[in-house]
Student: 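Quick one: the structure is below, and I'll ask about it shortly.
Letters A, B, ... mirror the listed sequences (proteins, then strands); counts begin at 1.
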Amino acid sequence: QDAEYTLRAVANSNENDEDYDGLQVFKSYVEAASNGAIEVEIYMGTQLCSNGAECLQGVADGSIDVYISTSDGAAGLFPYVQVLDLPYIMADDRVAERVLTGDFPRTLRDMALEDSGGMLRLMTIGNTGGWRNFANTERRIQTPADIEGLKMRTVVADLPQELVRALGASPTPIPWPELFTSLQTSVVEGTANGITDIMSMRFPEAGLQYLTLDNHAYMGAMWWMSNETFMSLPEDLRRVVVDGFAQLQQATFASPKRKSIAAYEEFVEGGGDLYVPSPEEKAAFAEAAAPVYDWFTTNVDGGEEILATFREAVQQAESELAEERSRDIQ
Amino acid sequence: MSRMLGVVRPLSWINERVLKAGRAVGIVAIAIMVAVTIVQVVFRYALNGALAWPDEAARFCMLWMTGLMAPTAFRRSGFVAIDVLPAMLPRMPALLLNLILLAVSLLVLVFALQIGWREVTGLGGRFASASLFLPVSWDMTEWYRVPRSWMMASIPVGLVLMISVCVELILRNLADLFGARGLPPIPMGDGMDTGIRGVD
Amino acid sequence: MLIWFMPLFLVFLLVGLPVFFGMLAAPGIILWLNGQERDLTLLYRNLYNGMDSFPLMAIPFFMLAGEVMNRGGITTRLVEFAQALMGHFRGGLAHVNVLSSMLFAGLSGSAVADTSALGSMLIPAMEKQGYTRRFAAAITAASSVIGPIIPPSGIMIIYAYVMGESVAALFLAGLVPGVLVGLGLMLVIKLMADRYDFPVASARYSWPDRGRASLKAFFPLMTPVIILGGILGGVFTPTEAAAVSVVYALIISLFVLRTMTFSELPDVLGRAALTSAVVLLLVGAAMSFKTVVSLSQTPQMMADWILTLTADPLLLLLLINLLLFVVGMFLDAGPAIIILAPILGPVFIGMGVDSVHFAIIMSVNLTVGLATPPMGLVLFVASAVSGERVTTIARAILPFLAVEVAVIFLITYVPAISMTIPRLTGFAD
Ligand code: NA
Ligand code: NA
């Protein structure tokens with residue numbers, strides 16, 4: 001029979017992206033678990049709307065029901081979500097996944113609900129594209145000194161620019177579609193992205209041959225829903241949707257890991273230089289990046305509190321993991 | 001009839017003045033677009049330090065340029081259309097057809113304005129600009145992030161002007177239909193209406 | 001059924017509703033009748049966001065650069081240069097007309113600008129030398145279509161934006177086809193010149209005279225070098241290149257050649273802004289339209305339907321050329337690209353035609369359409385400039401159109417013509 005509710009889900013990426021994997025899992029789970037009462041329509045790309053401001057407005061006014069934004073896409077409305085972009089706070093996937101399945105996203109959810117007048121509901125935070133790393137066309141980056149003077153592409157948002165500046169490079173805002181040409185012609189010399197994005201955009205062909213796995217920021221994907229649409233569902237279906245987002249989150253945790261294997265292989269096969277910095281080198285990066293934290297706490301409303309909450313969540317996750325790990329290896 | 005002419009004349013007068021002011025702002029806007037883009041090239045290439053704001057500032061100006069210039073183009077029949085059929089029809093049917101076309105245009109404009117206004121005042125308008133700030137204290141220590149609505153307002157403003165133009169064109173068309181005379185023509189010939197049609 | 005927006009749009013278009021309103025009204029009405037009222041908001045949102053784009057800014061910039069060059073008398077120097085090179089041939093001024101258009105194409109992205117700038121100078125000059133006015137007007141119109149084929153190009157910027165292609169790739173791909181059109185026209189002139197005994201324009205220039213003419217044309221001729229060199233050399237992006245060419249044109253007109261004064265500036269800016277506003281609104285409407293095109297699955301349906309006609313790609317390309325040629329007879333190139341690219345592009349790219357190659361097929365075909373009767377835009381402009389009737393020019397232009405159609409076929413069936421340069425420079429694969 002016809003579905004009672006239709007959820008229109010939008011992701012601005014394409015079908016090769018982990019966002020799509022997540023949505024497939026969400027669709028399959030929600031449609032089955034609701035016994036067909038909910039139908040999920042997936043719109044990939046920019047068919048319906050093409051950036052965070054537009055799409056989130058669509059979610060708010062009900063023309064879109066589910067949308068995934070990066071933290072940069074939502075920062076114009078909720079500047080504190082950039083806390084996820086602060087570098088070198090979470091050490092690895094296990095820590096990140098523990099934090100994001102914990103209470104921290106709920107804190108962000110409550111803040112965003114309040115700031116959007118009860119319209120935008122953060123459903124979960126997954127991953128999109130793994131970790132952000134520094135890649136460039138010029139040389140291997142081992143220490144912060146190596147990155148000095150490079151023209152690094154950033155989005156037009158403060159935090160990524162502050163980070164690049166703190167490391168002594170020169171932040172250069174270039175729209176994503178123009179990035180390939182800009183790398184090719186050296187309008188910019190580097191970018192901070194995950195490996196899957198780098199490979200799917202064929203950046204190595206534009207000369208991007210040096211990749212340093214400093215894993216400076218976790219590429220969090222924020223999944224939003226219209227609060228009104230969500231709350232209009234009966235409680236049992238709300239449960240299905242919430243479980244669906246939990247499934248989606250797990251899928252987006254797993255998908256980049258699987259996808260990055262082939263991407264790394266392809267990168268190295270194409271002659272790319274892959275460098276994993278030592279713990280000491282990574283510490284040097286973290287130290288050089290320190291001004292970003294000050295910038296965040298002084299310039300972002302509510303920055304200090306959210307950073308403290310975030311650090312606390314990370315610490316708790318780390319100690320839990322350490323404790324579990326010590327039991328697991330006995 | 002004379003009452004209708006009594007409406008067209010002042011409306012035409014107002015449109016003429018308002019659109020002229022709009023064109024003046026549009027001219028400044030396109031000049032700024034060029035200037036900030038060049039500033040960006042200089043800063044990035046010569047000084048090796050790209051700026052964050054020129055991209056957004058230029059787009060800001062481009063949208064306002066569009067919103068303020070388009071009504072003039074509309075008023076001077078500068079919107080691209082296939083005018084084979086209207087040109088083939090005799091005078092009366094052509095006027096009637098034109099009236100219908102203007103009515104459809106008005107419908108589009110009014111609907112668009114309603115939605116556009118909702119967009120400006122909605123959540124999307126509250127997004128703060130990533131790079132455009134205004135000083136809000138005399139010593140320039142406090143800055144206000146320009147909200148996206150300031151940029152979004154360009155199109156609804158343009159739509160309001162186009163609605164006003166559309167109403168004028170409809171009234172002029174009616175006047176023509178009923179054989180009214182003595183309406184001042186829409187002024188052209190200030191060097192701003194040749195080649196309006198497009199990029200071709 | 002959402003798909004009904006297509007026939008409705010066609011009706012609106014044919015009865016003379018401006019394309020901008022038609023692109024919003026047709027999908028809007030069908031969405032509303034379908035009860036999809038929340039999607040009306042999407043139409044508006046894409047209209048707005050379609051215009052809110054930095055790469056799109058190349059359009060006002062190149063328009064502005066063209067305006068400045070026209071005012072600044074840059075055209076005169078190009079024609080003198082062309083004359084120094086080709087004036088002594090039989091049919092010299094006709095050759096000069098074509099060569100000037102090729103040179104002018106490197107500065108401007110518009111065929112209309114070419115016809116009005118070169119026509120007002122060359123048509124009277126040709127008449128004085130004994131050419132018929134209709135022939136002079138015809139060759140002016142025919143050669144002006146090179147303007148948007150050789151980079152920069154207004155319609156290619158639009159195509160690249162609407163379809164998400166690289167502007168640089170399209171620009172580079174247009175180089176050889178543009179030169180080919182020029183050479184084809186010169187060939188026709190040569191054949192006609194021998195047969196009808198065309199006049200030579202001038203005595204052969206001495207080398208020092210040629211040197212002087214080149215020197216005077218040096219600054220204008222550097223424009224394409226700066227644009228393409230700057231893009232390829234990483235100094236600026238294509239959009240920034242457009243702004244640079246504005247400033248460059250201003251500097252040579254205001255300070256080097258001193259052919260323009262500051263008091264003319266507001267007028268020049270205003271005209272460029274006015275034209276750009278119309279185009280930008282159209283591009284925005286195209287993005288709304290495209291949203292409904294994809295919501296309605298039109299490209300898939302089109303592809304299925306086309307495949308029932310024939311699956312032979314060579315035949316399909318022939319059909320597409322026919323369709324584009326007919327469309328070009330009635331619609332300007334820019335709006336035609338805006339309407340057709342989102343519908344036809346996915347179909348042919350899905351069938352394995354390279355996206356850059358398809359962009360060139362479309363652009364060249366629709367640009368030539370600007371010079372075809374009954375609705376060819378440059379025919380009207382040529383008529384206005386020369387005082388000759390449109391129908392007369394339309395008849396005189398036929399031999400030139402024939403060679404342009406031949407070039408279109410060549411471009412269609414030999415992809416290497418368009419693709420070699422972008423491939424060699426790494427902008428296409
Ligand atoms: Na050109
Ligand atoms: Na010519």
Student: About how many Å separate CG of B/Leu85 and CG of C/Leu17, when rounded to the nearest 0.5 Å?
Tutor: 12.0 Å
Student: Just give me the residue among C/Ser116, C/Ala277, C/Ala384, C/Gly28 that pairs up with chain B most often, heavy atom to heavy atom, under 4.5 Å.
Tutor: C/Ala277
Student: What do you reckon, is OH of B/Tyr45 surrounded by more than 12 foreign heavy atoms closer than 6.0 Å?
Tutor: no
Student: Determine the minimum heavy-atom distance between B/Met62 and C/Met51, stating which atoms define it.
Tutor: CE-O, 3.3 Å
Student: Which salt bridge (Lys or Arg N to Asp or Glu O under 4.0 Å) pairs, counting each pair once, include a residue from residues 151-164 of chain B, with sequence neighbours left out?
Tutor: none
Student: State the OH-CD distance between C/Tyr44 and B/Glu119, to the nearest 0.5 angstrom.
Tutor: 7.0 Å
Student: Less than 4.5 Å to any heavy atom of chain B: does that hold for the side chain of C/Leu40, its backbone, both, or neither?
Tutor: both
Student: Specify which of C/Leu24, C/Leu13, C/Ile155 makes the most heavy-atom pairs with chain B at under 4.5 Å.
Tutor: C/Leu13
Student: At a heavy-atom separation under 4.5 Å, does B/Pro71 approach chain C through its side chain, its backbone, both, or neither?
Tutor: neither
Student: Determine the minimum heavy-atom distance between C/Gly16 and B/Ala81, stating which atoms define it.
Tutor: O-CB, 3.5 Å
Student: Heavy-atom pairs under 4.5 Å with chain C: which of B/Gly158, B/Gly124, B/Pro86, B/Ala58 has the most?
Tutor: B/Ala58
Student: Under the 3.5 angstrom rule, does the side chain of B/Arg23 hit a backbone N or O of C/Leu274 as a donor-acceptor pair?
Tutor: no
Student: I'd like to check the side chain to side chain contact (heavy atoms under 4.5 Å, CB included) partners of B/Leu107; sequence neighbours left out, ordered by chain and number.
Tutor: B/Phe111
Student: Atom CH2 of residue position B/Trp117 - does it have more than 12 heavy atoms of other residues, nucleotides or ligands inside 6.0 Å?
Tutor: no
Student: Could you check whether any side-chain heavy atom of C/Leu282 comes within less than 4.5 Å of a side-chain heavy atom of B/Val80, counting everything from C-beta outward?
Tutor: yes
Student: With chain C as the partner chain, list the residues of residues 88-101 of chain B whose heavy atoms fall under 4.5 Å from it, by residue number, and write 'none' if nothing qualifies.
Tutor: B/Leu97, B/Leu101
Student: Checking B/Leu159 against chain C: side chain, backbone, both or neither under 4.5 Å from a heavy atom?
Tutor: side chain
Student: Relative to chain B, which of C/Val15, C/Thr237, C/Leu14 shows the most heavy atom pairs under 4.5 Å?
Tutor: C/Val15
Student: Give, for atom CD1 of B/Ile115 and atom CD of C/Glu37, the distance between the pair rounded to the nearest 0.5 Å.
Tutor: 10.0 Å
Student: Based on non-hydrogen pairs under 4.5 Å, which of C/Ala273, C/Ser276, C/Gly66 is most in contact with chain B?
Tutor: C/Ala273
Student: Just verifying a value: how many Å separate B/Ser105 OG and C/Phe20 CZ, rounded to the nearest 0.5 Å?
Tutor: 9.5 Å
Student: Please give me the minimum heavy-atom distance between C/Pro266 and B/Ile27, naming the atom from each residue.
Tutor: O-CD1, 3.5 Å
Student: Would you indicate whether the side-chain heavy atoms of C/Thr41 and B/Gln114 approach each other to under 4.5 Å?
Tutor: no
Student: Taking side chain as everything from C-beta outward and backbone as N, CA, C, O, which of these in C/Leu331 sits under 4.5 Å from a heavy atom of chain B? Side chain, backbone, both or neither.
Tutor: side chain
Student: Measure distances from B/Val34 to the heavy atoms of chain C and classify the residue's part below 4.5 Å as side chain, backbone, both or neither.
Tutor: both
Student: In Å and rounded to the nearest 0.5 Å, what is the CZ to CD1 distance from C/Phe236 to B/Ile38?
Tutor: 8.5 Å
Student: Measure the spacing between CZ of C/Phe21 and SG of B/Cys166 and express it to the nearest 0.5 Å.
Tutor: 6.0 Å
Student: For B/Phe74, is it the side chain, the backbone, both or neither that has a heavy atom under 4.5 Å from a heavy atom of chain C?
Tutor: side chain
Student: Got B/Met69 and C/Val278 here, is their nearest side-chain heavy-atom distance under 4.5 Å?
Tutor: no
Student: Of all of C/Val246, C/Val235, C/Val19, C/Leu370, which one pairs up most often with chain B through heavy atoms under 4.5 Å apart?
Tutor: C/Val235
Student: What part of C/Leu64 gets closer than 4.5 Å to chain B, counting heavy atoms only: side chain, backbone, both or neither?
Tutor: side chain
Student: Check whether C/Ser53 gets within reach of chain B through its side chain, its backbone, both or neither, counting any heavy atom under 4.5 Å.
Tutor: backbone
Student: Could you pull out all residues at least two apart from B/Arg59 that satisfy side chain to side chain contact (heavy atoms under 4.5 Å, CB included)?
Tutor: B/Asp55, B/Glu56, B/Met151, C/Asp52, C/Phe54, C/Met57
